[in-house]
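These notes are about the structure you will find just below.
In listed order, ligands and their atoms are each counted from 1. In this chain, numbering begins with 1 at the start of the sequence shown.
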Amino acid sequence: MQLESIVLRRVKMRMREPFETSFGREQDKDIVVVEARSQAGAVGFAECVAMSDPLYNEETADTAWIMIRKYFAPLVLRQKFESLDDVRGLVRVLSPYKGNRMAKAAVEMAVWDCWANETGRPLAALLGGAREEIPVGISVGIQPDIPALLRKIEGYVQQGFARVKVKVKPGWDVEPLAAIRREFPDLPLMADANSAYRLGDAEHLRRFDEFGLTMIEQPLAHDDILDHAVLQRQLNTAICLDESIHTAQDARKAIEAGACRVINIKVGRVGGFAEAIAIHDVARANGVPVWCGGMLETGIGRLHNVALTALPGFTLPGDTAPSARYFDEDVIHPPVEFLRPGVLAVEPLCGVASRVRRDRLDGWTDAVEEIGRD
Ligand code: OSB
Ligand code: MG
């Protein structure tokens, strides 16, 4: 397979409700959608999960656009993909350029997606997944008050989500967790701090132990591994790392150091499918369960997350909720929906292009740039 062009679109979409974390609040999504077109006429799509502002990590939609246009698209357009190994090897081709993993991932994933389309093979199978159904949970943002939080959770429990994750931060943690536990004593529950605490808060974080959480996600700094290892020794609750894990090497170090007992894999954060699979493999070899995180994706990124979750090590419910949790109208049709409450089907999709509603995508696009082979 030889790519002929890469089309970048800047897409603006409003979510049904704002999503608030310890680092900020977002309702209007500003994303870069990458479309790869092959000489044979195959099409691949992918979504860049960098946010508008550098608050989750250092990337933004603006920086991703520039990095893709200037470095990653021209490099990928020069590659020849003769086998799946060439697609898998793209991560190494991109690796001389440092960081910018969300931007790289969008290009890498569009190539995988295009390869699935060109070869007529389901993406999940190409990635190494065999499961046909996956359990999913939901991530609940910070709410105005505890009654509002409990009402939201009540609704999600009724819809059948396999576990609930709540966002926490100093001043919004022990009280909401205690209130949830009073109303839902048996609910599989976890908390995500998005790096809002410091090691000096260990005493405070030990209070979380009484709530029987399945895990606490990224309590300490976004770039830390060692303090998490110190903290894990003081907690009964398992630590799950999100922000700190960018590569399979990071995963190995974190596991060896005892910094986590679970890993959240986000394809964007780690630079693409190949690195996500490598992290999955390291974790699995060490008996560490993983789950697929989310970045409030549109249906494009959502279908990719579902495909990845078909791999055997994704034994815990992920954050890949149905489309309707985020958008009134998704860019894909049909949208991602429950097969049964709390369960999604891994569909045998040969890339997501056939599901993309180009009319809707065009309607929400406010800039387009096509990069051809030079
Ligand atoms: O830390 O997992 C996170 C959303 C944006 C940025 C970071 C995170 C999240 C979520 C939402 O938790 C997951 C989702 O529903 O897509
Ligand atoms: Mg997280």
Original post:
Do Ser244 and Asp250 touch side chain to side chain, with heavy atoms closer than 4.5 Å?
Top reply: no
**OP:** Quick one: look up the protein heavy atom nearest atom 13 (C) of ligand 1 and list residue, atom name and how far away it is.
**Re:** Gly294 O, 3.4 Å
Subject >> Gln218, portion touching ligand 1 at heavy-atom distance under 4.0 Å >> reply: neither
Original post:
Does Glu217 approach ligand 1 within less than 4.0 angstrom via side chain, backbone, both or neither, non-hydrogen atoms only?
Top reply: side chain
Subject >> Ring centroid separation Tyr56 to His222 under 6.0 Å >> reply: no
Original post:
Is Lys266 in polar range of ligand 1, meaning some N or O pair under 3.5 Å apart?
Top reply: yes
**OP:** Indicate, as side chain, backbone, both or neither, the part of Thr320 found under 4.0 angstrom from ligand 1 when only non-hydrogen atoms are considered.
**Re:** neither
Original post:
Heavy atoms, side chains only, cut-off 4.5 Å: are Leu94 and Val91 in contact?
Top reply: no
Original post:
Just which atoms of ligand 1 are under 4.0 Å from any heavy atom in Asp242?
Top reply: 1 (O), 2 (O), 3 (C)
Original post:
Per the side-chain contact (heavy atoms from CB on, under 4.5 Å) rule, which among Gln158, Lys165, Gln159 passes with Phe161?
Top reply: Gln159
Subject >> Test item: Val282 and Ile279 side chains (from C-beta on) under 4.5 Å apart, heavy atoms >> reply: no
Subject >> Protein residue, atom and distance nearest to atom 6 (C) of ligand 1, heavy-atom basis >> reply: Met295 SD, 3.6 Å
Original post:
What's the shortest distance from atom 15 (O) of ligand 1 to any protein heavy atom, and which residue and atom give it?
Top reply: Tyr326 OH, 2.6 Å
Original post:
Is a side-chain donor or acceptor of Thr63 paired with a backbone partner of Glu59 at a separation under 3.5 angstrom?
Top reply: no
Subject >> ligand 1-proximal atoms of Ile138, by part, heavy-atom distance under 4.0 Å >> reply: neither
Original post:
Does Glu35 reach the main-chain N or O of Ser5 with its side chain, forming a donor-acceptor pair under 3.5 Å?
Top reply: no
Subject >> Cys292 side, atom SG; His280 side, atom NE2 - distance, nearest 0.5 Å >> reply: 11.0 Å
Original post:
Based purely on interatomic distance, does Ser139 place a nitrogen or oxygen under 3.5 Å from a nitrogen or oxygen of ligand 1?
Top reply: yes
Subject >> Any donor-acceptor pair under 3.5 Å from Asn286 side chain to Val288 backbone >> reply: no
Subject >> Cluster companions of Met190 among Ile, Leu, Val, Met, Phe, Trp, Tyr (side-chain spacing under 4.5 Å) >> reply: Met215, Val262, Trp291, Leu316
**OP:** Walk me through it: do Asp62 and Arg10 pass the test salt bridge (Lys or Arg N to Asp or Glu O under 4.0 Å)?
**Re:** CA-CA 9 Å; Asp62 286 325; Arg10 193 70 178 259; 2.9 Å; yes
**OP:** Could you see which bit of Arg325 sits under 4.0 Å from ligand 1, with heavy atoms only: side chain, backbone, both or neither?
**Re:** neither
Original post:
Under 3.5 Å, N or O to N or O, is Phe23 touching ligand 1 that way?
Top reply: no
Original post:
Do Ser195 and Gln218 have side-chain atoms, one donor and one acceptor, less than 3.5 Å apart?
Top reply: no
Original post:
Can you tell me the protein heavy atom closest to atom 5 (C) of ligand 1 and the distance?
Top reply: Met51 CE, 3.9 Å
**OP:** State which residue, out of Arg163, Arg325, Glu297, fulfils the side-chain contact (heavy atoms from CB on, under 4.5 Å) condition with Asp319.
**Re:** Arg163
Subject >> Total protein N, O or S atoms, the Mg ion (ligand 2), separation less than 2.8 Å >> reply: 3
**OP:** Please check if the distance between the ring centroids of Tyr156 and Phe184 is under 6.0 Å.
**Re:** no
**OP:** Specify side chain, backbone, both or neither for Lys167, according to which of its non-hydrogen atoms lie closer than 4.0 Å to ligand 1.
**Re:** side chain
**OP:** Please state which part of Asn194 comes within less than 4.0 Å of ligand 1, counting heavy atoms only: side chain, backbone, both or neither.
**Re:** side chain
Subject >> Heavy atom of the protein closest to atom 16 (O) of ligand 1 (residue, atom name, distance) >> reply: Leu296 N, 2.8 Å
Subject >> Those atoms of ligand 1 less than 4.0 Å from some heavy atom in Tyr56 >> reply: 7 (C)
